[in-house]
4 protein chains.
Amino acid sequence: MSSNKQNEIALAAVKLFEQKGYRATSVQDIADAVGLQKGSLYHYITSKEDLLMQIAHQAILQFNQQLQSILAEDISAREKLERMIRAHLTMSIENLETTTVLWREAFSLGEGPQEVIARMSDEYLNLVTQILTEGVANGEFQVAEPRVTALAILGACNWVYRWYQSNGSLDASDISSVFSNLFLNGLLR
Amino acid sequence: MSSNKQNEIALAAVKLFEQKGYRATSVQDIADAVGLQKGSLYHYITSKEDLLMQIAHQAILQFNQQLQSILAEDISAREKLERMIRAHLTMSIENLETTTVLWREAFSLGEGPQEVIARMSDEYLNLVTQILTEGVANGEFQVAEPRVTALAILGACNWVYRWYQSNGSLDASDISSVFSNLFLNGLLR
Amino acid sequence: MSSNKQNEIALAAVKLFEQKGYRATSVQDIADAVGLQKGSLYHYITSKEDLLMQIAHQAILQFNQQLQSILAEDISAREKLERMIRAHLTMSIENLETTTVLWREAFSLGEGPQEVIARMSDEYLNLVTQILTEGVANGEFQVAEPRVTALAILGACNWVYRWYQSNGSLDASDISSVFSNLFLNGLLR
Amino acid sequence: MSSNKQNEIALAAVKLFEQKGYRATSVQDIADAVGLQKGSLYHYITSKEDLLMQIAHQAILQFNQQLQSILAEDISAREKLERMIRAHLTMSIENLETTTVLWREAFSLGEGPQEVIARMSDEYLNLVTQILTEGVANGEFQVAEPRVTALAILGACNWVYRWYQSNGSLDASDISSVFSNLFLNGLLR
DNA sequence: GATGAATGAGTATTCATTCAT
DNA sequence: TATGAATGAATACTCATTCAT
């Protein structure tokens with residue numbers, strides 16, 4: 001099956017896109033990384049852009065699926081939010097390269113593909129917003145602007161790819177606790 | 001004076017970099033935008049990369065200066081944080097193109113310049129962290145991990161360039177209030 | 001085999017470099033000469049400079065190898081010098097374009113490559129000097145300054161690319177005889 | 001008078017042409033060297049090429065004039081040759097930069113100017129040849145091919161710009177003696 | 001005399017993609 | 001499936017020269 005090679009290519013591409021950026025990565029670079037000739041690569045990929053799209057799409061899809069399964073659970077809004085934050089940060093950090101490519105490089109996609117990613121990101125935002133409105137509805141939360149609040153939470157979580165270092169002292173779980181505490185209780189004593 | 005033309009060029013570059021991205025913007029595009037021949041542009045700029053650097057550097061500098069003057073004020077930590085958030089969001093939104101270029105395109109800079117920007121961003125992070133530790137010291141705040149908490153706040157604020165739309169219902173001031181409330185009081189009722 | 005095309009390119013380059021000079025020859029010129037697109041050329045060459053280097057290096061290498069095999073022979077110093085002059089002039093004239101490029105254009109190389117050529121030319125000079133000192137040692141020659149004398153002989157021989165015309169009345173062999181007679185016997189009756 | 005500035009420019013150009021080569025020297029480089037703006041330079045020069053032509057022309061002219069005055073003297077052919085060699089080498093070494101530009105860079109001139117230089121060089125060659133035929137006529141020399149022999153002598157002398165180093169142990173006078181001895185007496189004991 | 005803005009043609013090199021073998 | 005030759009458009013940047021002020 002070619003799926004093996006295809007996967008190998010995608011992995012190599014993610015690593016290169018993360019390191020050098022999508023534009024600065026040449027098809028030659030990817031071919032070198034998997035030990036193929038540039039021409040041979042095109043047996044497995046449609047185009048360099050499509051390769052990026054596959055990576056980004058797969059990434060945002062996993063985020064969405066993960067969050068959907070959390071929303072389906074029968075737990076309090078507070079617990080949903082905590083799990084969302086933990087799951088989001090864990091996935092971001094465990095797949096740091098992919099996440100970096102998703103948030104940093106998807107802008108290099110053409111209009112069409114870019115919009116697909118944007119729509120899925122929006123969907124994700126809606127799910128987070130839903131947790132907040134749920135919490136408001138059942139009296140757990142006080143939120144004046146659920147959508148903007150969701151954007152604040154997401155911004156904080158998504159910014160992680162820019163500063164997280166695997167050699168740092170805090171792991172995904174630690175960071176999740178700090179974030180949850182901040183968003184649930186605030187800074188004020 | 002050449003400062004006029006130079007400014008015109010920088011403004012055109014910011015606009016183009018924001019719209020198409022740095023890599024996808026050609027020197028020709030910039031020349032066209034200011035009505036000069038490609039070659040003539042080089043009377044005013046050193047290189048395309050340097051142009052980006054000037055833009056990014058100027059942007060992060062303004063953020064830093066603004067925050068420094070807030071820190072110098074004789075007000076509570078809480079008030080400092082509120083002002084920081086308001087100033088940050090206001091500047092981000094009033095100069096949305098520049099801010100977008102700063103956070104999205106600086107990665108395209110070469111190692112040296114990129115590090116300069118990174119160092120200045122770090123400085124900004126330190127200032128925010130300082131507000132938090134100050135608040136902890138005088139009993140205003142409860143913060144377990146000031147640096148990570150600062151990164152959360154900054155992430156939320158910096159993510160704004162990705163979703164803010166000038167035709168939206170909320171302006172910088174509205175968003176600042178939402179953010180401040182979230183970070184100070186948390187979601188829990 | 002690509003060696004064919006590569007050779008064709010080198011030959012075309014030599015001809016063009018000789019006619020117009022290295023700087024005045026564009027990559028486009030070379031591409032046109034071999035019937036390729038400018039971009040296609042880069043399958044075969046690393047850079048225009050590298051192409052020049054290959055040509056110059058190959059040329060000086062052949063000079064050196066030729067002289068080394070003469071020095072290895074068990075003949076008198078006088079005969080070595082005569083053979084050296086004959087071999088040098090013959091090679092210069094039979095490969096006049098290459099020799100011209102070697103002596104006239106190698107200066108356009110960057111520091112590193114230029115030094116490589118310089119070192120090999122020096123080696124050649126040393127070999128000629130060796131013939132002279134050998135002749136002095138066994139009483140054949142009288143030479144006060146072997147190195148400067150070698151430089152005089154080499155200068156005379158290398159200057160040939162500047163005046164030799166294939167339609168002239170003298171061939172390489174004739175010129176060799178004249179040179180040998182001059183250097184061995186001098187002008188004085 | 002502008003002749004001052006004009007001279008300053010020519011001197012700066014010679015130095016730069018010698019160091020970097022004519023093609024690699026920009027008009028900007030020359031302007032910088034004399035503390036003028038690029039545009040201002042054109043009050044003093046016609047074109048970059050003309051500047052090179054002036055330098056080369058002046059140089060070859062001096063060689064010719066010098067040799068002509070030697071030929072006019074009432075001395076033996078042998079002495080004429082010795083003086084020619086001494087004068088040629090002295091001028092070459094005392095004006096090493098100019099001489100280098102003459103022999104190395106004149107090829108970059110356009111067809112017309114290049115031919116002017118070539119014709120003057122030819123004239124020089126003729127004068128040297130004349131010394132030889134004179135020496136043959138009065139029984140001082142034995143020369144089968146005066147023109148080729150003259151080319152050998154000139155080649156040896158002109159090659160000097162390629163190897164002479166001012167920090168070497170031999171000065172122009174020393175080298176002249178070695179050359180004269182070689183050409184007059186030959187190597188053979 | 002001096003400036004510096006403007007030109008416009010020119011340069012080497014890169015690169016994603018195609019396709020015959 | 002794999003190759004590698006070929007494309008052709010694109011790219012940032014340079015430079016000698018002109019000219020209005």
Side-chain angles (χ1 to χ4, degrees), chain A residues 1-2 4-6 22-31 34-52 108, chain B residues 1-2 4-6 9 22-31 34-52, chain C residues 1-2 4-6 9 22-31 34-52, chain D residues 1-2 4-6 22-31 34-52 108:
Chain A
M1 231 194 304
S2 71
N4 235 350
K5 206 84 176 176
Q6 238 158 355
Y22 170 74
R23 302 292 290 237
T25 300
S26 71
V27 172
Q28 185 64 255
D29 289 335
I30 303 170
V34 297
L36 280 176
Q37 289 309 110
K38 220 183 350 175
S40 314
L41 215 63
Y42 282 83
H43 284 289
Y44 302 99
I45 68 170
T46 305
S47 71
K48 190 186 157 194
E49 191 187 356
D50 182 70
L51 191 50
L52 173 58
S108 291
Chain B
M1 226 191 311
S2 72
N4 245 347
K5 205 79 174 181
Q6 233 157 357
I9 290 167
Y22 171 73
R23 303 293 287 239
T25 300
S26 71
V27 172
Q28 186 64 256
D29 290 334
I30 303 170
V34 297
L36 278 176
Q37 289 305 110
K38 213 182 357 174
S40 312
L41 214 62
Y42 283 85
H43 275 285
Y44 303 99
I45 68 170
T46 303
S47 69
K48 190 187 157 193
E49 190 187 357
D50 183 70
L51 190 50
L52 174 57
Chain C
M1 230 189 306
S2 71
N4 245 348
K5 206 78 175 182
Q6 233 158 357
I9 290 167
Y22 169 74
R23 302 293 288 241
T25 299
S26 71
V27 172
Q28 186 63 256
D29 290 334
I30 303 170
V34 297
L36 278 176
Q37 291 303 114
K38 213 179 1 173
S40 313
L41 216 62
Y42 283 84
H43 276 283
Y44 303 98
I45 69 170
T46 302
S47 69
K48 190 187 158 194
E49 190 187 357
D50 183 71
L51 190 49
L52 173 57
Chain D
M1 230 192 306
S2 71
N4 236 352
K5 205 83 177 176
Q6 238 158 353
Y22 170 74
R23 304 290 293 236
T25 300
S26 71
V27 172
Q28 186 63 256
D29 290 334
I30 303 170
V34 297
L36 280 176
Q37 288 309 111
K38 223 185 346 176
S40 313
L41 214 62
Y42 282 83
H43 283 289
Y44 303 99
I45 69 171
T46 305
S47 69
K48 189 186 159 195
E49 190 187 358
D50 183 71
L51 191 50
L52 173 58
S108 290

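Each chain gets a letter, A, B and so on, in the order the sequences are listed, and its residues count up from 1.
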Out of [options], which nucleotide sits closest to the side chain of [X]?
| X | options | result |
| --- | --- | --- |
| B:Gln37 | F:dT17, E:dG1, E:dG8 | E:dG8 |
| A:Ser40 | E:dT7, F:dA2, E:dT3 | F:dA2 |
| B:Ser26 | E:dA6, F:dT11, E:dT3 | F:dT11 |
| C:Val27 | E:dT13, E:dT17, F:dA16 | E:dT13 |
| C:Tyr42 | E:dA12, E:dA16, F:dC13 | E:dA12 |
| D:Tyr44 | E:dG1, F:dT17, F:dT7 | E:dG1 |

Given atom [atom1] of [X] and atom [atom2] of [N], what is their separation to the nearest angstrom?
| X | N | atom1 | atom2 | answer |
| --- | --- | --- | --- | --- |
| A:Leu41 | E:dT18 | CG | C1' | 14 Å |
| C:Leu52 | E:dT13 | CG | P | 12 Å |
| A:Ile45 | E:dC15 | CD1 | C1' | 13 Å |
| B:Asn4 | E:dA6 | CG | P | 11 Å |
| B:Lys48 | F:dA10 | NZ | C1' | 11 Å |
| D:Gln28 | F:dC13 | CD | C1' | 15 Å |
| B:Lys5 | E:dA6 | NZ | P | 5 Å |
| A:Tyr22 | E:dT14 | OH | P | 19 Å |

| note | Assign each of B:Lys38 and C:Gly39 the nucleotide of DNA chain F bearing its closest heavy atom; nearer the 5' end lies the nucleotide of C:Gly39

| said: Please give me the minimum heavy-atom distance between B:Tyr42 and B:Ser47, naming the atom from each residue. | reply: CE2-CA, 4.3 Å

| query | Toward the 5' end of DNA chain E, which comes first, C:Arg23 or C:His43, by nearest nucleotide? | reply | C:Arg23

| said: Both A:Glu49 and C:Glu49 contact DNA chain E. Which one's nearest nucleotide lies toward the 5' end? | reply: C:Glu49

| query | Applying a 3.5 Å limit to both distances, which nucleotide forms a Watson-Crick or G-U wobble pair with E:dA9? | reply | F:dT14

| With both distances under 3.5 angstrom, what nucleotide forms a Watson-Crick or G-U wobble pair with E:dT21? | F:dA2

| request: Kindly determine whether C:His43 and C:Leu36 satisfy side chain to side chain contact (heavy atoms under 4.5 Å, CB included), including the steps that lead there. | output: CA-CA 11 Å; C:His43 276 283; C:Leu36 278 176; over 6 Å; no

| message | Please determine whether side chain to side chain contact (heavy atoms under 4.5 Å, CB included) holds for the pair D:Val34 and D:Leu41, giving the CA-CA distance in whole Å, both sets of side-chain angles, and the decisive distance to 0.1 Å. | response | CA-CA 9 Å; D:Val34 297; D:Leu41 214 62; 3.9 Å; yes

| said: At 4.0 Å (heavy atoms only), tell me whether A:Thr25 reaches a base, stays on the sugar-phosphate, or touches nothing. | reply: sugar-phosphate

| message | So does D:Thr25 get a backbone contact from the side chain of D:Lys48, meaning a donor-acceptor N/O pair under 3.5 Å? | response | yes

| request: Evaluate side chain to side chain contact (heavy atoms under 4.5 Å, CB included) for A:Ile30 paired with A:Ile45, printing each intermediate quantity in order. | output: CA-CA 11 Å; A:Ile30 303 170; A:Ile45 68 170; over 6 Å; no

